[in-house]
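The structure appears right after this line, and notes come after that.
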There are 2 protein chains.
Amino acid sequence: MIGEGDREALEAAASRTVKFAARQVVVREGEALSQCTLLLKGFVHRFKDTEDGRRQILAIHIPGDFVDLHSYPLKHLEHSVAATTEVEVAIFPHSAVRELTARSTALTELLWRATLIDAAINREWLVSIGARSAEARLAHLFCELQARLERIGQGDRNGFDLPLTQIDLADATGLTPVHTNRMLRRLRVRGLVEFRERHVFIHDLDELRHVADFDPGYLFLE
Amino acid sequence: MIGEGDREALEAAASRTVKFAARQVVVREGEALSQCTLLLKGFVHRFKDTEDGRRQILAIHIPGDFVDLHSYPLKHLEHSVAATTEVEVAIFPHSAVRELTARSTALTELLWRATLIDAAINREWLVSIGARSAEARLAHLFCELQARLERIGQGDRNGFDLPLTQIDLADATGLTPVHTNRMLRRLRVRGLVEFRERHVFIHDLDELRHVADFDPGYLFLE
DNA sequence: CGGATCGTTGACCTGCGTCAACAGAAGTGG
DNA sequence: CCACTTCTGTTGACGCAGGTCAACGATCCG
């Protein structure tokens, strides 16, 4: 989501790096934050729990993503953040972000832009959950992750590692785990994609994208 | 979403005001933009159409909202924008926004923040559509609009004008118009809320919020 | 006055949820 | 190291929330 050169400049401004164990909750909903988190290694997801015990995953982050950059202008988060896998992150105190943005409007726009791409992904998920079939939702999620991961060199058009459970996929797509399982089977039987042992094997990316009604424009990859 | 004082300062930077007729499409998906739009009067909504003809409404904007401020860092939009009612908007060329942000980092953060509150609303809609029942989704939407409209003096805890059709509500909540109609009836029979003649009559806001699992924190109204 | 658009309702259908069972993998404590 | 739980994935049977189809007023508008 952020270019390599800028990323290194930013990493220099990081105060330190921190590791979290898999499945650890990093930020709890409503918490006030005084720092931002850049994901260096591993996966992180953001989510919200409803009163009746359902969990909605709001975003899945991959290395290079700012996980909670929006906490800088907003001061606190209205959702939780958890480590999906074991992760390593770089910490940016809000004060450091303030100094960076005071010095360069170009960098400010870069950071702003990163949060907006995040929002664009949120909107596409809205379309998926609100208007696409269960099968298409899953296909769309795979397409999105394929495009984003290929960009950072963690996958190609034949597949990528995806350290999620079927329960996670269900929580991300607004489905039940049981139905998720059945739709994965259908996608597999149709020869489009196979999700097995934390890896997505893509057998026909073009057809998968067609089934998913996927257009990568919303990712603003260039 | 933006304070009165800042709003007037911004209005001074607007190049001009423009009116649109109800139901007119203002920006089409994918269009490159060289200006931003501040909504002064009326309602605007943003949406995306899927290949198979379904429409997902992504956001409903009320006076005081920046409708497409994210077009400034992103340069083009990945969704469409339409006037819900007859509207009046103030136009800000991107060049004017650039000058404003170059001059004041505080203002930049204010604008950035506005786009992030927008994103927070997107996320709450994700939770609604992904994890709440049809009835709760509608109740939640009413609660959100109540809170936002009350803040700008266009409603109170007893109700507000809402210039949407049931079809619009359906497109916003990921339901069909028929089911939307039935759930509206249920909410009415339960004595919670009544939507009639483009007006929402709230009969029991506390209970409505409870049914909706509504917590206004995500709106950052303070 | 004719044609859209919208709201409403009934009858029926289906995609997805629920419940339940079980096997395999992966922790966990002794 | 092994028993023991816990977490996953998988499948079947069944139920229901919400979708689909259809009909018909009401309203608006040219």
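Every chain is numbered from 1, with letters handed out A, B, ... down the list of sequences.
Residue B:R182 has no polar side-chain atom (N or O) positioned under 4.0 Å from OP1 or OP2 of D:dA17. Distances shown here put a side-chain N or O of A:N181 below 4.0 Å from the OP1 or OP2 atom of D:dT10. Applying the 4.0 Å criterion to OP1 and OP2 of D:dG9, one finds that A:R198 has a side-chain N or O inside that range. For B:R185, no side-chain nitrogen or oxygen approaches OP1 or OP2 of C:dT8 to under 4.0 Å.
Distances from the side chain of B:L175 to the nucleotides D:dG9, C:dG17, D:dG18 place D:dG18 closest. Relative to the side chain of A:T165, the nucleotides C:dC16, C:dC6, D:dT8 differ in distance, and D:dT8 lies closest. Here the side chain of A:V178 is nearest to one of D:dT11, C:dG7, D:dG19, namely D:dT11. Across D:dG9, C:dT18, C:dT8, the shortest atom-to-atom separation from the side chain of B:Q166 is found for C:dT8.
Taking atom CZ of B:R196 as the reference point, atom C1' of C:dC6 lies 16 Å away to the nearest angstrom. A:L138 places its CG atom 16 Å from the P atom of C:dG15, with the value rounded to the nearest Å. B:M183 places its CE atom 12 Å from the P atom of C:dT9, with the value rounded to the nearest Å. One atom, CG of A:L162, and another, P of D:dG9, lie 11 Å apart when rounded to the nearest Å. Summarising the geometry, the separation between CZ on A:R186 and C1' on D:dG9 is reported as 18 Å, rounded to the nearest angstrom. When the C1' atom of D:dT8 is taken as reference, atom CG of A:L184 falls 13 Å away, rounded to whole Å. For the pair A:I167 CD1 and D:dG9 P, the interatomic distance rounds to 6 Å; values are reported in whole Å. Atom CZ of A:R54 and atom P of C:dT18 are 6 Å apart (whole Å).
Defined by atom type and a distance below 3.5 Å, a donor-acceptor pair is present between the side-chain atoms of A:S71 and A:H94.
With salt bridges taken as basic N to acidic carboxylate O contacts below 4.0 Å, none links A:D171 and A:K48.
In this structure, B:K41 forms no cation-pi arrangement with B:F43, as its terminal cationic atom is not both closer than 6.0 Å to the ring centre and no more than 45° off the ring axis.
The backbone N or O of B:A147 sits nowhere less than 3.5 Å from a side-chain atom of B:E150 that would complete a donor-acceptor pair. In this structure, B:Q146 contributes its side chain and B:D156 its backbone to a donor-acceptor pair below 3.5 Å.
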